Every structure is written in structure tokens, then in C-alpha cells.
Amino acid sequence: MCGIVGIVGHSNVNQSIYDALTVLQHRGQDAAGIVTCDGDRLFLRKDNGMVRDVFRNRHMRRLVGNMGIGHVRYPTAGSSSSAEAQPFYVNSPYGITLAHNGNLTNSQALAEDIFRADLRHINTTSDSEVLLNVFAHELQQLGKLVPGPDDIFNAVRRVHERVEGAYAVVVMITGYGILAFRDPYGVRPVCYGKRETSRGVEYMVASESVALSALGFHLERDLAPGEAIYITADGKLHTQLCAEGAQLSPCIFEQVYLARPDSIMDNISVYKARLRMGDKLAEKILRVWPDHDIDVVIPIPDTSRTSALQLANTLEVKYREGFIKNRYIGRTFIMPGQQQRKKSVRQKLNAIELEFSGKNVLLVDDSIVRGTTCNEIIQMAREAGARKVYFASAAPPVQFPNVYGIDMPAARELIAHGRSVEEICELIGADRLIYQDLPDLIEACREGNSSIEHFECSVFDGNYLAGNINRDYLDYLEHLRSETSKRERDQERSAALAENGAIDLHNAE
């Protein structure tokens with residue numbers, strides 16, 4: 001899960017990209033980057049950290065130009081080194097920069113092919129750099145001194161033929177324009193919009209519509225699966241479907257947790273979808289537990305608030321804010337490192353004892369992944385005086401790892417993998433545990449856009465629709481994503497740089 005943005009304007013776009021990245025900060029807090037283009041020159045700044053920390057006044061002054069792209073990142077299968085920060089750059093052909101949200105499931109084979117057949121060098125473990133070099137090679141093969149829209153779309157078509165997995169991509173071709181494209185299943189989100197200015201129309205692409213609306217852009221639409229959009233430096237828009245047999249299957253976890261509630265994704269209001277999730281969950285409680293003794297419904301801030309409120313209304317039970325959130329602590333799900341996630345829970349939340357004391361409390365969260373934070377929060381509720389603590393998840397049990405760009409850990413680290421609801425309930429320390437049913441979750445989302453026939457639900461049902469996923473690949477991913485492996489890779493890289501007196505080119509000022 002990352003956030004991408006690209007803007008073609010009539011004046012410097014650095015501030016607009018910065019503002020858009022702050023709106024998309026929830027999609028990644030590990031690293032941030034912006035690259036702008038002024039004529040035939042590129043200006044790049046990227047590093048580990050939050051947007052506000054990576055970009056200082058001195059950096060912003062250097063990021064000149066009327067078009068540019070930006071990225072916020074959180075680590076998935078790669079390391080958390082600043083070498084992995086995006087956008088990535090390759091000088092041939094034309095000078096191309098790329099930012100990517102998703103995961104290529106055949107990146108190992110592609111990297112080998114790029115080296116042996118395309119004669120290109122990959123300097124990091126990031127699949128985004130692999131994707132950049134695949135696109136650059138295909139564009140270079142066309143042999144055009146000045147690439148036109150058809151040339152660029154042909155290159156994208158070849159990318160779709162070679163690349164497997166999920167990807168939403170924004171690319172800047174120095175001096176020519178900005179390109180965005182989406183995988184043939186539309187797993188990862190990307191949309192575009194425009195705004196009228198006194199100097200003409202400006203265009204923007206972004207992971208979520210909220211970034212567009214925050215900057216005064218009107219949402220035109222989401223990119224279709226397999227579609228590419230190309231905006232020239234002088235503001236001309238071109239679109240083309242570049243993949244055969246494309247079928248929209250958006251990631252349902254975007255609706256559950258990843259996206260902001262004020263976003264519209266594939267014509268689905270995230271806010272309304274979460275309201276419907278609350279309705280469906282309440283209906284299940286009334287069906288399986290009609291004589292419940294819930295006194296109060298309390299959400300675990302922030303993502304679950306919408307579902308919890310509607311659940312309480314449907315149950316006709318009081319809704320209360322029982323936890324106060326420290327907004328200076330990041331989202332625990334996307335924090336690198338299990339110990340850091342666990343430590344941050346009590347730093348992030350503080351219980352209001354008045355709302356817990358002597359009551360039977362139903363805590364509502366958007367989902368349960370590792371279960372660590374649930375256990376801590378339930379303990380906090382008991383310490384605040386709750387008589388009984390029930391727990392409800394607006395999503396079904398997360399039983400399988402995600403291979404499409406969300407850092408859901410190896411299966412053995414998922415609390416629901418291979419366990420019954422009763423076993424999970426005991427592990428997290430709740431008096432009762434209620435999960436959303438998958439058909440109800442799908443229906444809650446599909447009501448927003450009935451034309452979507454299929455959602456990507458692999459974390460719940462283990463059905464991986466893209467990338468020829470097999471046991472070997474899942475074992476490989478499990479090794480990459482383990483906390484120990486990530487630490488070892490970062491330590492090895494740091495030691496190698498120190499031993500050789502090398503400079504990390506990706507982190508140079």
C-alpha cells in the first residue's frame with residue numbers, strides 16, 4: 001500500500017504535489033518523494049520519513065517545474081532502507097521517473113530477464129525499479145526520437161504482457177508528459193481529475209479521489225483496468241485501453257481499511273460502504289446473538305468509527321467514544337516492526353474510564369490482522385473498569401497473506417490463520433468475538449457499484465486472481481516479509497556501505 005500522485009500544470013507544481021502527499025499520508029509513512037520537471041531537467045527529493053519531515057523549504061525551492069510526480073511509501077516485501085524510497089529514475093530513454101503502488105509477483109524473473117536480455121542494472125530490491133526498467137526498455141525498443149501517445153501506449157501494452165501482479169503506476173517522461181496506468185484487474189486504485197485555471201486546464205492523477213478534491217480538482221473517473229492515461233507537458237489528454245481481457249476486481253480491503261472515508265473508489269463511496277458494513281454486522285449480531293447484553297458500542301479510532309456508529313444505530317445501543325487518540329502517533333498497521341506496533345498502541349490510545357466502568361462494552365475495529373493491538377486494547381478496556389469486553393470486526397477473518405502490495409505478514413503471523421473464532425477470541429482476551437461474513441462484506445461494497453462483478457478478497461478467501469500464485473511463491477514472500485529478514489537485509493546493506501566507504505546514491509542530498 002502506497003500513495004501516488006502526478007500533476008501537469010501551468011506553473012510550479014511542487015506545492016500541489018506536497019499537499020496531495022499529505023492527504024495521502026495514511027497510505028504510507030515510511031518514505032516520501034517528489035520529482036519535478038522543468039524543460040529537460042529533473043529535480044528530485046526523496047528520503048525516509050513523513051512528508052513534513054522529508055521536504056524542507058530548501059528542498060521545495062529546488063523542486064521547480066510545471067509537471068511532477070510524488071509518492072508516499074510503506075515497506076512491504078522489501079527493506080525499509082531509504083534506497084527503496086520512490087520515485088525511481090532511469091536516464092534512458094529520455095529520462096524516466098516512476099512511482100508505483102502494488103506488488104509484482106514475478107519481479108524475480110523480470111529482474112533476471114532485465115539483466116540478461118535487456119542489459120539493464122537493478123540497484124535495489126524494489127519491484128518498482130524492476131517495473132521502471134521494463135517500461136523503459138519497451139519504450140526504447142520503439143526507437144523514436146520523439147515519442148508520441150501511441151508509442152507510449154504500445155510500451156504500456158508490452159508491460160502488461162510481461163508483468164504480473166497488481167500495480168497502479170505514475171510515470172514522468174522528461175520534457176514530454178506524465179503517464180499513469182493500472183493493472184488488468186484494477187486491484188490497486190488510481191483516478192484522475194482536472195481543474196480550470198486562468199491559464200487553462202490542469203490535470204492530476206492520484207491513488208484516491210480525496211487528494212484531487214483537496215486541491216480543487218474535479219474527479220473525472222477512475223482508470224479502467226488495463227487502461228493508460230497520458231497527459232502531455234502542454235496539457236493534452238490521451239487515454240487508451242492497453243490490456244487484453246481486462247476485468248475490474250478492485251481490492252476490497254481498500255474499502256475496509258486502507259482508503260480514507262471521504263474517497264470515492266470505482267464509483268463506490270468508501271464512507272457509505274463502511275456504513276453498510278456496520279448494518280450488515282449488526283444484522284449478524286441480531287441473528288446469532290439476539291439476547292445480547294451490550295450496553296455500549298465503542299469504536300477503535302479511526303477507521304472503524306463509521307461502521308461502529310451504524311452498528312450501534314441498528315442495534316439501538318448507545319454509541320460512545322471511549323478512546324482518545326494521540327494524532328502524533330502513526331497508524332500501527334503500517335508501522336515497520338512488530339515491537340514498534342505493539343509499543344505504539346498505548347502511546348496512541350487512552351481510555352476514558354467513565355465510558356467503560358461497570359459496562360458490557362462492544363469494541364468495534366475495521367479488521368483483525370495480527371491480533372496484537374486487539375489484545376492490548378481489550379486489556380485497556382478491562383483496566384478502565386469494563387465488566388465484559390466483546391469484540392467485533394467489520395471484516396471477515398484475515399487468514400491469508402496479501403501478495404498485491406499490502407504488508408499483511410506471513411500466514412503464520414496472522415492470528416486467524418488455522419484458528420477457529422473461539423480460539424482467536426481466547427487469544428485476544430475477549431468475552432465474545434464476532435466477525436463480518438464475507439458475502440455480507442462484498443454486498444456492502446457492491447451496493448455502491450453493482451457493475452463490479454468481482455472483488456479481490458484473497459486475504460479472506462485465499463483466491464489469488466493475478467500472478468500465478470503458488471506455494472513456492474508464498475514461501476518466498478513469507479521469508480521476505482519476516483521481521484528478522486527485513487532487519488538482516490537493512491543491516492547487511494548498512495555494513496556493506498560502511499565497509500566500502502560507499503555513498504547510498506538514493507539518499508544523497
Side-chain angles (χ1 to χ4, degrees), residues 2-75 79-91 95-101 123-124 126 128-129 132 170-175 177-178 197 199 202 204-207 211 214-217 233 327-330 336 490 493-494 497-498 501-509:
C2 299
I4 60 173
V5 61
I7 299 178
V8 176
H10 295 287
S11 58
N12 287 337
V13 295
N14 52 352
Q15 187 63 53
S16 292
I17 296 175
Y18 176 95
D19 292 341
L21 292 182
T22 62
V23 175
L24 296 175
Q25 186 76 85
H26 62 285
R27 300 190 67 86
Q29 302 172 1
D30 184 64
I34 294 175
V35 59
T36 59
C37 179
D38 185 26
D40 60 357
R41 292 197 63 192
L42 294 177
F43 302 89
L44 171 66
R45 167 62 182 171
K46 61 178 182 175
D47 204 350
N48 277 8
M50 305 278 277
V51 174
R52 64 172 181 262
D53 299 319
V54 171
F55 303 102
R56 303 294 185 182
N57 286 338
R58 67 182 186 276
H59 305 125
M60 295 297 288
R61 285 195 294 268
R62 296 173 192 154
L63 293 171
V64 297
N66 74 309
M67 66 177 182
I69 64 176
H71 185 265
V72 287
R73 175 188 184 272
Y74 90 118
S79 75
S80 57
S81 163
S82 60
E84 306 278 330
Q86 300 183 38
F88 284 110
Y89 166 76
V90 66
N91 71 332
I96 301 174
T97 51
L98 175 146
H100 160 229
N101 172 32
N123 197 47
T124 72
S126 173
S128 301
E129 190 184 13
L132 168 60
V170 62
V171 179
M172 184 163 64
I173 305 172
T174 306
I178 284 179
T197 72
R199 301 176 63 180
E202 298 181 327
M204 176 178 175
V205 296
S207 294
L215 272 70
F217 283 80
R327 300 190 179 278
Y328 300 97
I329 300 292
D490 287 342
R493 180 180 180 85
S494 299
L497 290 171
I503 298 174
D504 187 344
L505 295 177
H506 293 271
N507 198 30
E509 283 283 342

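The residues of the chain are indexed from 1 along the displayed sequence. All values reported here derive from a predicted model rather than from experimental measurement.
Remark: Asp38 pairs with no residue by the side chain to side chain donor-acceptor pair (under 3.5 Å) rule, at least two apart or across chains. With sequence neighbours left out, the side chain to side chain contact (heavy atoms under 4.5 Å, CB included) criterion links Val54 to Ala32, Arg45, Asp47. Partners of Tyr89 under the side chain to side chain contact (heavy atoms under 4.5 Å, CB included) rule, at least two apart in sequence or in another chain, are Leu42, Asn91, Thr97. The side chain to side chain contact (heavy atoms under 4.5 Å, CB included) test applied to Asn12 returns Asn14, Val64, not counting sequence neighbours.
With values rounded to the nearest 0.5 angstrom, Arg27 atom CZ is found 9.0 Å from Tyr74 atom OH.
A donor-acceptor pair under 3.5 Å links the side-chain atoms of Glu129 to the main chain of Asn123, judged by distance alone. In this structure, the side chain of Gln25 engages the main chain of Val51 through a donor-acceptor pair within 3.5 Å. With hydrogens and angles ignored, the 3.5 Å screen pairs a side-chain donor or acceptor of Gln86 with a backbone N or O of His100. Remark: side-chain polar atoms of Ser207 are paired, donor with acceptor, to backbone N or O of Ile4 under 3.5 angstrom. Judged by distance alone, with hydrogens and angles left aside, the side-chain atoms of Glu202 form a donor-acceptor pair with the main-chain N or O of His10 at under 3.5 Å. Checking side-chain atoms of Lys46 against main-chain N and O of Pro87 turns up a donor-acceptor pair under 3.5 Å.
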Only pairs under 3.5 Å count here: list side-chain donor-acceptor contacts from residues 16-23, not counting sequence neighbours, and write none if there are none.
{"unit_1": "Asp19", "atom_1": "OD1", "unit_2": "Gln15", "atom_2": "NE2", "d": "2.9"}
{"unit_1": "Thr22", "atom_1": "OG1", "unit_2": "Asp19", "atom_2": "O", "d": "2.5"}

